[in-house]
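So the structure is just underneath, and the comments pick up after that.
Whatever order the structure lists them in is the order used to number ligands and atoms, beginning at 1. The figures here come from the full heavy-atom set of this structure, side chains too, leaving out hydrogens, waters and symmetry mates.
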Amino acid sequence: MELFGQMMHIPMLLSSIIQAAARHYGDVEIVSRRVEGDVHRYDYEDCHVRCKQVAQALINRGIGSGDRVGTLAWNGYRHMELYYGVSGIGAVCHTINPRLFPEQIAYIINHGEDRYVFFDATFAALIEQIAPQCPNVEKWVMLCSEDALPRDFPVPLESYEVLIEERAPDFVWPSFDEERAAILCYTSGTTGDPKGVLYSHRSLTLMAYASALPDALCLSTTDTLAPVVPMFHVNAWGMPFSAPLVGAKLVFPGAKLDGESLSTLFAEEGVTMSAGVPTVWLAFVEHLARTGKRCSTLQRVIVGGAACPPSLAASFKNFGIRSVHGWGMTETSPLGTVCTPSRGCSKKTPQERLLTESKQGRAVPGIELKTVGPDGAELPRDGRTSGELLVRGHWVLERYFGASASALSGGWFATGDVATIDENGFLHITDRSKDVIKSGGEWISSIALENIAISHPEIEAVACIGRAHLKWDERPILIAVLKEGSALSVEDVLEFFAGKVAKWWLPDDVKFVKSLPLTPTGKINKLALRQQFGHVEEQTIAQTCNPSGARQVTN
Ligand code: ADP
């Protein structure tokens with residue numbers, strides 16, 4: 001006979017996180033750099049009061065269980081209030097990425113069937129453009145006070161401050177099933193239409209607990225956290241939940257994410273920890289190097305969303321900042337792995353330690369990983385054999401929003417990443433399967449070549465893509481942005497690879513550009529680069545016909 005535990009069952013609801021923060025860390029600050037240009041400050045107690053006002057206002061207007069409420073907003077206190085106020089009544093906070101194409105934004109508002117959409121003033125022109133395509137949105141609410149509402153706007157608007165004006169002193173958060181949906185976020189849709197991932201109260205609460213662990217993000221009330229990763233994509237890596245869970249001070253940077261704006265904010269607010277994608281951090285360390293500025297309180301930064309080049313980690317180290325590599329995806333809420341030292345790592349040589357630190361790390365408790373070969377069989381955890389990465393866990397998607405079929409195969413989600421896992425469980429992403437360069441039947445890791453190129457002191461940004469080749473199928477080429485004043489030639493860049501990779505991995509060419517295209521999530525857009533630079537070059541065709549003129553490739 002099955003014997004069940006006899007413990008209380010209290011549903012894990014996000015509202016309990018903000019309620020507890022107000023009780024235990026009531027005077028801990030939340031600081032927001034606003035789109036209005038000023039800095040707003042209040043504390044967890046104030047935040048909780050306003051979350052309840054949002055909740056009450058929505059209930060009064062007939063928003064209820066399961067209804068979707070869209071947000072198009074930067075990281076800030078009002079966005080945080082919507083996270084809790086909307087989800088706390090059993091409705092769904094649908095965070096929308098404003099960097100998507102307007103047609104995609106309209107598509108996901110319609111696909112998500114959003115009844116209300118809240119937006120920052122900076123997106124007013126965007127709303128004007130997409131509103132006619134979203135006839136089912138009942139109310140567009142601008143995150144501002146009444147006097148800041150634009151006049152003669154073609155769509156009826158309401159002010160957020162007026163909407164939530166009424167106090168809700170008697171409001172009590174409702175209790176409901178923890179499996180109910182809380183937040184909806186769409187993937188970037190770089191290939192095909194964006195797909196919705198519907199997070200539950202349970203999945204987000206569990207991720208918040210796990211992320212706070214010492215060997216995960218190691219969060220505490222003594223921390224001051226500045227999420228640079230946007231709240232409009234994958235829950236800002238769960239920080240709007242994990243920060244109040246532990247009572248950490250929160251600093252929201254708003255719309256300005258350049259090196260100058262971030263370093264000033266970090267210094268003014270005593271930020272101890274932040275999180276963002278490599279493109280943001282490359283600009284940040286470049287700014288520190290150029291200006292001599294320092295962020296003395298900043299102890300660690302989480303780098304994820306794309307591979308963290310070892311040279312970036314080294315730059316951080318020079319400034320006394322520890323970079324912590326993490327991996328995840330929209331479908332994993334996103335926290336999957338974090339690279340923190342393993343027991344006994346002090347016995348490793350500095351070289352071995354560097355190698356481990358460059359990996360994406362171990363699965364946080366609650367997440368399981370494995371790699372499989374083309375036949376689906378599990379591959380050895382030897383740190384060498386690479387295959388497709390599969391994931392499962394408490395905060396991993398089961399099916400996309402609105403899909404009738406599960407997204408899993410045999411209970412696992414296929415990530416589309418190519419990776420190795422070592423004896424100690426450290427994950428190393430060698431590529432995305434669509435980015436890996438297939439040359440003469442062998443695979444070349446675009447990430448490995450990018451890591452070398454970006455360590456060149458005169459290269460500011462770089463991407464490696466496969467260019468179609470008549471003989472080898474694909475050959476690696478680099479697309480590089482040089483630092484100001486640099487006169488590097490193609491030969492100089494290629495020379496820099498000498499002795500660092502096998503000969504057949506050497507890029508065939510380097511194209512210099514002024515800037516690299518970015519995806520809506522701030523990563524380098526390799527699809528766009530492949531469209532521009534990935535075709536067989538006429539010169540290559542000529543060379544292939546006349547092998548004597550071809551660059552020697554030993555495959
Ligand atoms: P999108 O950018 O399309 O919205 P996600 O934000 O969900 O997608 O990105 C997930 C993908 O980003 C992963 O599958 C992986 O390819 C890449 N990624 C995330 N973190 C890392 C990392 N630390 N190293 C390498 N790749 C990473």
Backbone or side chain, does any N or O of Ala307 fall under 3.5 Å from an N or O of ligand 1? yes
Taking the six-membered ring of Tyr400 (Phe, Tyr or Trp), confirm whether the NZ or CZ of Lys195 is under 6.0 Å from its centre and within 45° of its axis.
yes
Before signing off on this row, confirm whether Thr519 and ligand 1 have an N or O atom pair separated by under 3.5 Å. no
Quick note on ligand 1: atoms under 4.0 Å from a heavy atom of Met329 include exactly 7 (O), 10 (C), 14 (O)
So for Ala306 against ligand 1, with non-hydrogen atoms under 4.0 Å, the contacting part is backbone
Is the gap between the ring centers of Tyr83 and Tyr77 under 6.0 Å? no
Is Glu331 in polar range of ligand 1, meaning some N or O pair under 3.5 Å apart? no
- Message: Centroid separation under 6.0 Å, is that true for the rings of Phe241 and Tyr199?
- Response: no
Ligand 1 atoms nearer than 4.0 angstrom to some heavy atom of Lys523 are 2 (O), 5 (P), 6 (O), 8 (O), 9 (O), 10 (C), 11 (C), 12 (O)
Looking only at non-hydrogen atoms, the one of Pro194, Gly305, Gly522 nearest atom 19 (C) of ligand 1 is Gly305
* Polar proximity ligand 1 side, Thr330 side, N/O cut 3.5 Å exclusive -> yes
message = Polar contacts were defined as any N/O atom of the residue lying under 3.5 Å from an N/O atom of the ligand; does this apply to Asp417 and ligand 1?
response = yes
Of Gly304, Ser358, Gly416, Gly326, the one whose closest heavy atom lies nearest atom 23 (N) of ligand 1 is Gly326
Near Trp327 (heavy-atom distance under 4.0 Å), the atoms of ligand 1 are 13 (C), 15 (C), 18 (N), 19 (C), 20 (N), 21 (C), 23 (N), 27 (C)
Tightest non-hydrogen contact, residues Ile454 and Glu460, listed as CD1-O, 3.4 Å
Taking only non-hydrogen atoms of Gln360 and a 4.0 Å limit, the atoms of ligand 1 in range are 22 (C), 23 (N), 24 (N), 25 (C)
query = Taking the six-membered ring for Trp, is the centroid-to-centroid distance between His111 and Tyr186 below 6.0 Å?
reply = yes
Side chain Glu388, main chain Gly416, donor-acceptor under 3.5 Å: yes
Any carboxylate oxygen within less than 4.0 angstrom of a Lys/Arg side-chain nitrogen, looking at Arg343 and Asp215? no
Heavy-atom nearest pair, Leu397 first then Gly196, reads CD1-O, 4.5 Å
